[in-house]
Novice: 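The structure follows.
Hydrogens, waters and symmetry mates are skipped; everything else that's a heavy atom, side chains included, is used. Keep in mind that what you see is a predicted model, and the values were worked out from it rather than measured. Position 1 is the first residue of the sequence; numbering continues from there.
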Amino acid sequence: MARVESSGDGARLVSWPPQRYERRRQTWYYSACLTITVHTVPFAPRFRVHVSTQVRRWATRLDVRPHQLGGATVLLDAPLPWPEGPDRGHRLMVNTLGYDRRSKELAWRRHSPAPLVPELDIVRNYPRPEALFSDPERWINGPGDVTAGIVYHPSIGPHEVGPGLMPRERADLDAWVEEGLRPLLTRVPDLTRVSRSNTPSLLPRSGAGRVPGVRDAQLALQRRAALTRALHGRPLEIDVFWQSPETRAALLAELPKLIGLPAGQQVSSADGETWQWQCEGVDIRVRARPAGPLADALPTTRARGGLRAVRLAEAIEGRCGLVADRADPLLGGAGVVITEIAGKERFAAVPDSDPKHALRIAWARQGRLTQFVNSPDDTDSALEHRAKWTWLDVFRQMGAISPPAHRVGAGIPGNLQYVALWLVRHTRKGPTRCRVHRLVAVRVRPGDGPGVVEGWDAERAEWVPYPELLLLLSQVREPAASGGKETGTGKLVDDSAARGGPRPAARPGVEQDRQRETERQIRTLLFQLRDRPTLLLADAGNLRQCWPGLRNGALDRDTLGFGAEPAQRHTLYGHDLRVLLVRDANARGEVAEWYAHDTEDGVGFAEGVWGTADTEGRVFASTASKPHTVAKLPKGLMKLAPTAQGRTAPGKTAWNPGQLEITVLGCLSEKALTGSGRAGDPPDRPAEWATLAHQLRYHDDYPPLARPLPLHWARLAGEYVLPVAGTKSAGSTSSAS
């Protein structure tokens, strides 16, 4: 039986009562869940209904203390007070259970309907929060005709039912939905391959007939060449602040392997704290010291009064002072700091105590980039694996990386440059409790060799090396607050709201100013890119808030729109400009889930670029392969209806590669060429540019990425956008960025 669960972004169908899975002498509960949402599609006049399928798991115990429960979703199945209504017996009530710090007890939160009618009748009651928290399984089975289920989240403990559904189950549910909605809604036609060039020029993996270690040696040479190019002859000074000797040893062992440094080239100091490698133009010096108080939790205070952001800023300034005392001056080299810290779960009990962002700010003030590695006790992954990824991200921050050569064809210009835009948006709930909007732009010129990654410095209106961009982003300050007054909870509110008057709507002037400033920066940036063919990459879900011209309803082929002005042909912003938009599910189901099938009713997954038979089509789907680290599952497993051969199927994790929508908004089509006076030139094939974006999701050092590489790097650069509120010790708040 299916029940309806209403949500703010759509509706869900949940199988109820839940199914059972016996494992480790305990019963685990799960349901099938279908989420139904309505969305628009680029260039399409009609909306689409997306139906996604997943497993909804239910908590049978909570391995947290009451005060650690921030908010858990609870679905109530109970007779409605109006038994003759149309929803009788078909709907689950959505509630939120969490710890109320004012009353210091568990309570229904966020306008939950349970407290509105706490008693069904003389005999029956809704479950009390403390009773549901202490024995969730009892309420799943239901005393009487009142049942309740706490939606599982990893933060409340382990669960033996794995997430996700198998491809065959998705196909069966898809057919069931299609049959139920016909003829009111019709299914979108299947997509077909538009290219056989799925990946760029990657190094082949070890396999039959291949000499072991050859690929690793080739990768090491590539990384070292890119690092040499990025350093420009400067030494690389690395400080490692460790808490466990195992982490220190793993980091020191992994570095020479990753860039092919001969063991005999290593020189260590007498005190056992410093190591140096010099090989073919690379000079790396590593100093390893105990982290000590640097990695301790921030000493935040819970005193009432004062903005929360200011209290956090004071703690950050204190950590900056501690770092300044430990920092050695950089002697003309590039500086990186690797710090071993506890996992974020260790700091969850005390808000704003995680030192990660404070250390990033502090070391950036000393001119050093930062990378963090979790202590062995706070992660399940192998130490060697974590050490490897720590160094790979250090190389990425140094700009020592480049996309592999594409295999699309002659339709792509040889001197093409990639430019990616990413908008960093922090609210008062952000990492430093400060609001900020910052546009990040990254440029990659593969033709200039490895290690040529740059970022846009809006203040100087010029391109700077990627490491310099990261340090500049760390200097962003919080915009000065205006109007309103301070409340005891550390928030700014309008005076009328504090007096009990109507709460004002969001200030449209602020949003319009942000929009105009963002669009101005994009126009300025485009003007600087006219010297060579350019592929502009933007994530529509990320950027459309401050660039409304990217919303589906405003899109028009081969045009760009800014502000209230009429959209203009995109070639006015660049003679050889191409514009591609990507979009993922965006946590709202904006892109449909998928599975692949063949003519013989086989169901599974397939990588590639997919589109419609329409030759004028501009919207494509990119699906990547499973990472080689994901375990292969036997075919035919069914989690919702386990067979005798697959009794443990509910415990398996069903991994589904996400779909990335690629929209070729602007290219040199026949219409665009004619409009720009080049009617005789050969036009672009949109499928080739979609294939190029798809191939940019691959790199020898990474599993298939969620976005093309330049966008991936632009998004990660946003980790350095950490505005700090003004404090008495730091002086007045700086002007808005």
Novice: Can you see which heavy atom on Thr199 is nearest to which on Glu607, and at what distance?
Specialist: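 Smallest interatomic distance, heavy atoms only, reads CG2-OE1, 4.0 Å.
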Novice: Quick check for you: to the nearest 0.5 Å, what is the distance between Met398 atom CE and Tyr466 atom OH?
Specialist: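 Met398 atom CE to Tyr466 atom OH measures 12.0 Å (nearest 0.5 Å).
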Novice: A side-chain contact here means heavy atoms from C-beta on lying under 4.5 Å apart; do Pro548 and Gln515 qualify?
Specialist: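 They are in side-chain contact.
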Novice: For residues Glu688 and Val408, report the shortest heavy-atom separation together with the two atoms involved.
Specialist: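 Taking Glu688 first and Val408 second, the nearest heavy atoms are O-CG1, 3.5 Å.
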Novice: Should the pair Glu511-Arg514 be classified as a salt bridge under the 4.0 Å nitrogen-to-oxygen rule?
Specialist: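 Arg514 and Glu511: salt-bridged.
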Novice: Is the backbone N or O of Asp684 less than 3.5 Å from a side-chain atom of Trp689, with the two atoms forming a donor-acceptor pair by type?
Specialist: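 Such a contact is absent between Trp689 side chain and Asp684 backbone.
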Novice: Between Pro403 and Trp713, which heavy-atom pair has the shortest distance, and what is it?
Specialist: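 Pro403 and Trp713 have their closest heavy atoms at CD-CH2, 4.0 Å.
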Novice: Distance from Trp594 atom CH2 to Asp174 atom CG, nearest 0.5 Å?
Specialist: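 One finds 13.5 Å between CH2 of Trp594 and CG of Asp174.
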Novice: Counting neighbours of CD on Glu670 that are heavy atoms of other residues, nucleotides or ligands and sit closer than 6.0 Å, is the number greater than 12?
Specialist: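 12 or below, so no.
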Novice: Measure from NZ or CZ of Arg445 to the centre of the six-membered ring of Tyr418 and say whether it is under 6.0 Å with the direction within 45° of the ring axis.
Specialist: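 No, cation not above the ring by the 6.0 Å, 45° rule.
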Novice: Is it the case that the ring center of Trp547 lies less than 6.0 angstrom away from the ring center of Phe562?
Specialist: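 When the ring centroids of Phe562 and Trp547 are compared, they turn out to be within the sub-6.0 Å range.
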Novice: Does some side-chain heavy atom of Asp172 sit less than 4.5 Å from a side-chain heavy atom of Val603?
Specialist: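 Sidechains of Asp172 and Val603: no contact.
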Novice: Do the non-hydrogen side-chain atoms of Arg193 and Val609 ever get within less than 4.5 Å of each other?
Specialist: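 No - every pair of side-chain heavy atoms lies 4.5 Å or more apart.
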Novice: Just do the ring pair (Phe, Tyr, Trp, His ring centres under 6.0 Å) check on Phe620 and His694 with the steps written out, would you?
Specialist: CA-CA 10 Å; Phe620 303 87; His694 168 80; over 10 Å; no
Novice: May I ask you to decide whether Glu519 forms a salt bridge with Arg523, counting only side-chain N to carboxylate O separations under 4.0 Å?
Specialist: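 Salt bridge between Glu519 and Arg523, a charged N being under 4.0 Å from a carboxylate O: no.
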Novice: Is any side-chain heavy atom of Leu219 closer than 4.5 Å to one of Asp701?
Specialist: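 Yes, close enough: below the 4.5 Å cut-off.
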Novice: Is Asp584 salt-bridged to Arg707, going by a charged N under 4.0 Å from an acidic O?
Specialist: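 Salt bridge between Asp584 and Arg707, a charged N being under 4.0 Å from a carboxylate O: yes.
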Novice: Are side-chain heavy atoms of Val444 and Gln417 found at a separation under 4.5 Å?
Specialist: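 Side chain of Val444 against side chain of Gln417, heavy atoms only: no contact under 4.5 Å found.
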Novice: Kindly indicate whether the side chain of Val619, heavy atoms from C-beta on, has any atom under 4.5 Å from the side chain of Ile662.
Specialist: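 Heavy-atom side-chain distance check fails, nothing below 4.5 Å.
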Novice: Would you call Arg618 and Asp558 a salt bridge, taking side-chain N to carboxylate O under 4.0 Å as the test?
Specialist: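 Result for this pair is yes, salt bridge flagged.
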Novice: Atom CG in Leu692, atom CG in Leu416: separation rounded to 0.5 Å?
Specialist: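 Leu692 CG to Leu416 CG: 6.5 Å, rounded to 0.5 Å.
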Novice: Between the side chain of Asp598 and the main-chain N/O of Asp601, is any donor-acceptor distance below 3.5 Å?
Specialist: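 Yes, because the side chain of Asp598 sits within donor-acceptor range (under 3.5 Å) of the backbone of Asp601.
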Novice: Side chain of His39, backbone of Gly589: donor and acceptor closer than 3.5 Å?
Specialist: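 Such a contact is found between His39 side chain and Gly589 backbone.
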Novice: Say whether, by atom type as modelled, one donor and one acceptor occur between the side chain of His426 and the main chain of Val721 under 3.5 angstrom.
Specialist: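 Looks like yes, one N/O pair under 3.5 Å.
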Novice: Keeping Arg170 on the side-chain end and Thr53 on the backbone end, is there a donor-acceptor pair under 3.5 Å?
Specialist: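 Yes.
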Novice: Regarding Gln371 and Gln397, do their side chains bring together a donor and an acceptor under 3.5 Å, going by distance alone?
Specialist: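 Side chains of Gln371 and Gln397: pair found under 3.5 Å.
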Novice: Arg578 and Asp576: which non-hydrogen atoms are nearest, and at how many Å?
Specialist: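 In this case the closest contact between Arg578 and Asp576 is NH1-O, 3.3 Å.
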Novice: Inspect the contact between Glu590 and Arg544 and indicate whether a charged nitrogen and a carboxylate oxygen are less than 4.0 angstrom apart.
Specialist: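 Counted as a salt bridge, because a side-chain N and a carboxylate O are separated by less than 4.0 Å.
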Novice: With side-chain contact (heavy atoms from CB on, under 4.5 Å) as the test, pick out the partner of Leu227 among Leu258, Ile259, Val394.
Specialist: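 Passing option: Ile259.
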Novice: What's the verdict on side chain to side chain contact (heavy atoms under 4.5 Å, CB included) for Leu421 and Val440, showing C-alpha distance, side-chain angles and the deciding distance?
Specialist: CA-CA 6 Å; Leu421 304 179; Val440 176; over 6 Å; no
Novice: Can you tell me if Arg443 uses its side chain to pair, donor with acceptor, with the backbone of Leu529 under 3.5 Å?
Specialist: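 No; zero donor-acceptor contacts below 3.5 Å.
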Novice: Out of curiosity, Thr571 OG1 to Leu577 CG, how far, rounded to the nearest 0.5 Å?
Specialist: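 Answer for the OG1-CG pair, Thr571 versus Leu577, is 8.5 Å.
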Novice: Any sub-3.5 Å donor-acceptor pair from Glu178's side-chain atoms to Arg187's backbone N or O?
Specialist: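 No: the side chain of Glu178 does not pair with the backbone of Arg187.
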Novice: So, Tyr720 versus Gln475: side-chain donor-acceptor pair below 3.5 Å or not?
Specialist: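 Looking only at side-chain atoms, Gln475 and Tyr720 do not form any donor-acceptor pair under 3.5 Å.
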Novice: Is any side-chain heavy atom of Trp422 less than 4.5 Å from a side-chain heavy atom of Leu439?
Specialist: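 Of all side-chain heavy-atom pairs linking Leu439 with Trp422, none is under 4.5 Å.
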Novice: Quick one: does Ser402's side chain have a donor or acceptor within less than 3.5 Å of a partner on Ala400's backbone?
Specialist: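 A pair under 3.5 Å: no.
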Novice: Enter the distance from Asn656:CG to Met166:CE here, rounded to the nearest 0.5 Å.
Specialist: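 CE of Met166 is found 11.5 Å from CG of Asn656.
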Novice: Would you call Arg223-Asp700 a salt bridge at under 4.0 Å N-O?
Specialist: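 Looking at Arg223 and Asp700, the cut-off is not met.
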Novice: Where do Val464 and Leu469 come nearest, in terms of heavy atoms and distance?
Specialist: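 Heavy atoms of Val464 and Leu469 come nearest at CG2-N, 3.9 Å.
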Novice: What pair of heavy atoms forms the shortest contact from Arg697 to Ser622, and how long is it?
Specialist: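 Shortest heavy-atom separation between Arg697 and Ser622 comes out as NH1-OG, 2.8 Å.
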Novice: To the nearest 0.5 angstrom, please state how far the OG1 atom of Thr674 sits from the CG atom of Leu668.
Specialist: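 Answer for the OG1-CG pair, Thr674 versus Leu668, is 11.0 Å.
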Novice: Hey, does the side chain of Thr534 reach the backbone of Leu536 with a donor-acceptor pair shorter than 3.5 angstrom?
Specialist: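 Here the side-chain-to-backbone pair does not exist.
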Novice: Any side-chain heavy atom of Asn415 within less than 4.5 Å of one from Pro533?
Specialist: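 A side-chain contact under 4.5 Å exists here.
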Novice: Looking at Arg588, is its backbone amide N or carbonyl O close enough to the side chain of Asn586 to form a donor-acceptor pair, meaning the two atoms are under 3.5 Å apart?
Specialist: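 Here the side-chain-to-backbone pair does not exist.
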Novice: Before accepting this row, confirm whether a basic side-chain N of the pair Asp539/Arg583 lies closer than 4.0 Å to the acidic partner's carboxylate O.
Specialist: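 No, this pair does not count.
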